[in-house]
Amino acid sequence: MSHKRAKRTIDRATFLADLHRECTLRFEPEIAAEMVMEVEVHLNESIQARLELGEAPAVAEINAVTAFESATSFVDSMSRVHRDLMAHDRPLLLLGLAFIFWVGLPIHIASGSMNYLLWMYGVLALAGSVLFRSILICSPRWGTLRNLSIAGVVFLGVLLPSTVLNVWAYGGRGYVSVFGARALVDQQSQLLNRAPESASSFAPATNPSDVQDEIDATKRAMAAPLLERFTTNASQTLSILGFCLGFILVAHLLPVAIRRRWQQLRTPRRGSTA
């Protein structure tokens, strides 16, 4: 067992190659390159110091490399020391925030404030951007995910229910923006107050009684207390919040896991057949 471990770290070039691979998996490329360069300098200094003490070149190299333990253990310790380097990723945070806010817009579509296709294409574009950025990142950014979770809960779980009326809960149909509810009621009321000869323009699905029911349901929703909006929107709020945060979590961690596994499979296992 000890022979296998010694064989794995016996040469300086192999150790530095392992170190570069592990750093690339944990840190961004420029940070990984700086760490490997710094370790290489310390390693060379350690070998030189051992040579000056009279050790043979091969022995000095073995002892200097062994002092660093394995590349994985060394990078683990560096990750704990430099945790701030992996805490945040600004592009991912900005994309994630944009995705959260954009996902919250479909409930305003009912008020006619946004085109459905525009929303759908926006969601797909932002989702693809989050996924692409996650593929480029070499390690999880837990600080970024934490901030996105907080932003999602505040926006989707607090702000949206307070600005959206669930007309379904009062006998109507759909969701209406608080800011567009009054205009919608006025528009429907004008439709009912048209001249009698225009009454025939009502389609069977939108006859006067149905329009009146929609007006009454919207008015009841508008008059409901703020807390009641949260209870009537609870199911929708939780589903949107769960989808949004679940996507960001999976889209960020899955590419990281796949990339790590791919790197590990591509790396030959030295000493396994010794």
Side-chain angles (χ1 to χ4, degrees), residues 22-32 75-76 78-110 113-164 166 175 177-179 226-227 229-263:
E22 291 295 330
C23 285
T24 300
L25 289 173
R26 306 292 186 92
F27 303 102
E28 294 181 1
E30 61 273 12
I31 297 176
V75 173
D76 284 341
M78 292 294 288
S79 298
R80 290 190 291 271
V81 173
H82 299 281
R83 192 176 298 275
D84 58 310
L85 297 177
M86 304 193 312
H88 297 282
D89 183 78
R90 185 172 297 177
L92 180 66
L93 178 61
L94 294 178
L95 288 170
L97 289 175
F99 181 76
I100 287 174
F101 290 124
W102 202 255
V103 165
L105 291 177
I107 41 178
H108 292 289
I109 293 175
S113 60
M114 172 157 286
N115 179 273
Y116 180 79
L117 289 179
L118 176 62
W119 170 79
M120 182 178 67
Y121 292 147
V123 168
L124 290 176
L126 288 171
S129 300
V130 170
L131 185 62
F132 180 74
R133 179 60 192 175
S134 299
I135 292 173
L136 298 180
I137 294 177
C138 303
S139 63
R141 298 302 196 269
W142 296 111
T144 299
L145 292 178
R146 179 198 62 207
N147 290 344
L148 288 176
S149 299
I150 294 173
V153 170
V154 171
F155 180 72
L156 299 177
V158 178
L159 295 182
L160 283 183
S162 64
T163 60
V164 174
N166 180 5
Y175 295 88
S177 169
V178 170
F179 310 108
L226 179 62
L227 182 59
R229 296 182 191 172
F230 286 88
T231 58
T232 55
N233 281 303
S235 176
Q236 184 206 40
T237 299
L238 291 177
S239 62
I240 293 179
L241 182 62
F243 164 76
C244 186
L245 298 183
F247 171 82
I248 290 178
L249 183 68
V250 173
H252 180 48
L253 296 184
L254 187 60
V256 172
I258 292 176
R259 182 169 180 174
R260 284 191 177 186
R261 184 58 181 165
W262 175 249
Q263 291 282 356

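Worth knowing before you read on, the calculation uses all heavy atoms, side chains too, and leaves out hydrogens, waters and symmetry mates.
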Heavy-atom check, side chain of Ile100 versus side chain of Phe247, under 4.5 Å = no

Heavy-atom pair with the smallest gap, counting every atom of Leu93 and Asn147 | CD1-CB, 4.1 Å

Closest non-hydrogen atom pair, Pro140 against Leu253 = CB-CD2, 3.8 Å

Value for CG (Leu148) from CZ (Phe99), rounded to nearest 0.5 Å, stands at 10.5 Å

If you look at every heavy atom in Leu156 and Gly104, which pair is closest and at what distance?
-> CD2-CA, 3.8 Å

Heavy-atom closest contact (Trp102 atom, Leu126 atom, distance) = CB-CD1, 3.6 Å

When rounded to the nearest 0.5 angstrom, what is the spacing between OG in Ser149 and CH2 in Trp142?
-> 10.0 Å

Residues that Leu238 engages under side-chain contact (heavy atoms from CB on, under 4.5 Å), provided they are two or more places apart | none

Could you tell me the separation between the CZ atom of Phe243 and the CD1 atom of Ile248, rounded to the nearest 0.5 Å?
-> 9.5 Å

With sequence neighbours left out, the residues meeting side-chain contact (heavy atoms from CB on, under 4.5 Å) with Thr232 are Asn166, Ala169, Tyr170, Glu228

Classify the ring geometry between Phe101 and Phe155 as parallel (under 30°), tilted (30 to 60°) or perpendicular (over 60°).
-> perpendicular

Atom CG of Leu227 with >12 non-hydrogen neighbours under 6.0 angstrom = no

Interatomic distance, Asn233 atom CG to Thr237 atom OG1 [nearest 0.5 angstrom] | 5.0 Å

CD1/Ile240 to CG/Leu245 distance, rounded to the nearest 0.5 angstrom?
-> 11.5 Å

Look up atom CG in Leu249 and atom CG in Leu145, then write down how far apart they are to the nearest 0.5 Å.
-> 6.0 Å

Residues that Leu92 engages under side-chain contact (heavy atoms from CB on, under 4.5 Å), provided they are two or more places apart = Asp89, Val130, Arg133, Ser134, Ile137, Thr144, His252

Non-hydrogen side-chain atoms of Arg146 and His88 separated by less than 4.5 Å = yes

